[in-house]
**Q** 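Structure incoming, see below.
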Amino acid sequence: MNHFRTVTATADEAMVSGSMTTRRTQISVKLAVAPQAGDASDAELARALVAGSPWAITETWRRFAPAVIMLATRALGSGSEADDLAQEVFQRVFAKANVLREPDRLRSFIFSFAIRRLRTELRSKRTRAWLSFHRPETLVDLAGAPADVEARDLLRRFYALLDRLAPRHRLVFVLRHLEAMTLEEVAAHMDLSLSTVKRALDHATEKLSLWIEADPGLAGFLDRGGWR
Amino acid sequence: MAAPGETRGRRALAALADMARGSVRPPTPAALDSGLRALRSRIDAQHTGRRSRAAWRPILRWSAATSALVATAAIVAVIGVRSGQAPAPPAPPALTYRIEGGNVVDGGYLRESGRAGIKLLFAEGTEFILMPGTRSRLRGVDAAGARIAIEHGTASFQVTPSPVGDRRWQVDVGPFLVTVKGTVFTVSWDAATEKFELKLRHGRVTVNGPVTGGEIALRAGQRLLVDLPRGETVISEPKPEEGLEFAAGPAVAAAAPPRQGPAAASARPARFDNDRRWTSALAAGHLDHILTEAERAGLKATLERASSDDLLALADAARYRRRMELARDALLAARRRFPDSPRSLDAAFLLGRVEEASDRGLARAVEWYDEYLTRAPTGTYASEALGRKMTLTSKLQGASRARPVAEEYLRRFPGGTYAGPARAFSRAP
């Protein structure tokens, strides 16, 4: 999208020299056309961010925040924590926009920030748990969580199991199975090799399956017909 | 994830992952707006050099880690000073607080330990009192201030101005954001009926959220009621005998704006110089001042000469005082005199609101919402206009006629404020 176009305009210029005359002058003016933010491509949006255009912050937030918030909610099990995290992510994205080398990869740039921040957050949670000598209580707070108590309890227990995984394994599992990313996408976003991602995924799946089998409530989940 | 022949654990894991994936919905437009406001606050704070890290951290539980950080910070500061750098302006000290009647659990949620509610007592005198059963979350406490979210229930706040600098106090109440400016107030949010109420004892607050039509400023003694399903916003000033559940003490008189007597009012001529002074008055909560001044200048003259911003401010003041005729006239004047202004579009939406106030105006309200949706399909109020249209169509023509509107709503705003009713209408026979 071209935000600027040059037009040739005609202006009347009053001249006061000797006798009063009026002269028509051809002048070239640059007409700035306010961009339709929603129509801007990701690359245009990235360039506007770097240039500090006021509309770019709002548009970047509206375009990418829903996906980042949903990713963070699924990874953390808490919508409220996800909101905070998303704000931090975008604050950093705006501060670092000038290091974005390929403007058309804005989406990937933002997701990489989000995933790095998620990894830090998950590590912090583990450290906090270690320092406070008890496992943090998982308060599942998902915007669309089912209303019935049993389903909420299942989700809480599922996230409690995710809490037991190492942050890297948990993130790989979440990105692959809750965000439905391909292995290649997971590897790219987490800056890992494909083989490392596969190993981490196998490890997470194996551990979670074992823990679920050891939990009669969760293992019986399928026997009761799953969640409807 | 699970293939035939795989273990029971793997199959259950696959089902649980499906369940977790399906349990997350996109944020609502109101939540996104609220997030954007919070983000801008962070960016502003960053620019002014204040620490704005809002993510709550249980620093108080980390006594050892905190000590190490303080020591490190002291060393860095000493090195900074010794290297000749100009010392940074002193930042206000971090807020300290204690909690009575509950504790903070992971994610900042406040868990009640008894049945008497929870008190957050800040060292500088500010108090948050959460009524029994209130679900809330401490979102951030740092040197810049504190932010708490009320997800359901009632809470009272007594904010004491800090002696060491400005603190920022923010309260997320359902989809509303209350920014506090040294005050005493009670706020409640009923998630089931989607009703918001704020009673302001003294000081000032501003409220942002759906239906409010921008930022609403309240002043001492005012009560704001927002009924989301009905799309109604009312600001009232109960007489002292009606009460706001608390007596107005000396602080009220100190914080309230000086009342203008008739002589003082008439001594100042009305001006129509597009200086947005009524917008400022509205922001300060002086609704009656706006109405009085408009009447003194003559309503006809006001409607013909006031700026578009002032006309919208006048309409808001009249609406909040339930003077719907005047609100309608002001909005129509704004549309007639400033047809190409963005405020003209806002006026179309607000005219729908005004028409809704009378039972005979419902059909006309739908027309105004249609007008807004046609001219501003992605405008600020598009979600609200379509939601109101759906509700009114159901009232006027029955649920089956509201169904296509509901389907359009769900298609365009799947996480919007009216998504719940829209899903119900879309299932209507």
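Hydrogens, waters and symmetry mates are skipped; everything else that's a heavy atom, side chains included, is used. Naming: A, B, ... by sequence-line order, numbering from 1 per chain. Everything numeric here is computed off the predicted structure, so don't read it as measured data.
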**Q** Is A/Asp163 salt-bridged to A/Arg170, going by a charged N under 4.0 Å from an acidic O?
**A** yes

**Q** Would you name the heavy atoms of A/Ala75 and A/Tyr159 that are closest together and state the gap between them?
**A** O-CE2, 4.2 Å

**Q** Go through the atoms of A/Leu178 and report whether side chain, backbone, both or neither lie under 4.5 Å from a heavy atom of chain B.
**A** both

**Q** With a 4.5 angstrom heavy-atom cut-off, is it the side chain or the backbone of A/Phe158 that approaches chain B, or both, or neither?
**A** side chain

**Q** Is A/Glu206 paired with B/Arg10 through a side-chain N to carboxylate O contact shorter than 4.0 Å?
**A** yes

**Q** Please rank A/Glu179, A/Glu213, A/Arg176 by heavy-atom pairs under 4.5 Å with chain B and give me the top one.
**A** A/Glu213

**Q** Going by atom types alone, do B/Tyr409 and B/Ser426 pair a side-chain donor with an acceptor below 3.5 Å?
**A** no

**Q** Looking only at heavy atoms and a cut-off of under 4.5 Å, which of A/Asp83, A/Leu162, A/Ile57, A/Leu201 has the most pairs with chain B?
**A** A/Ile57

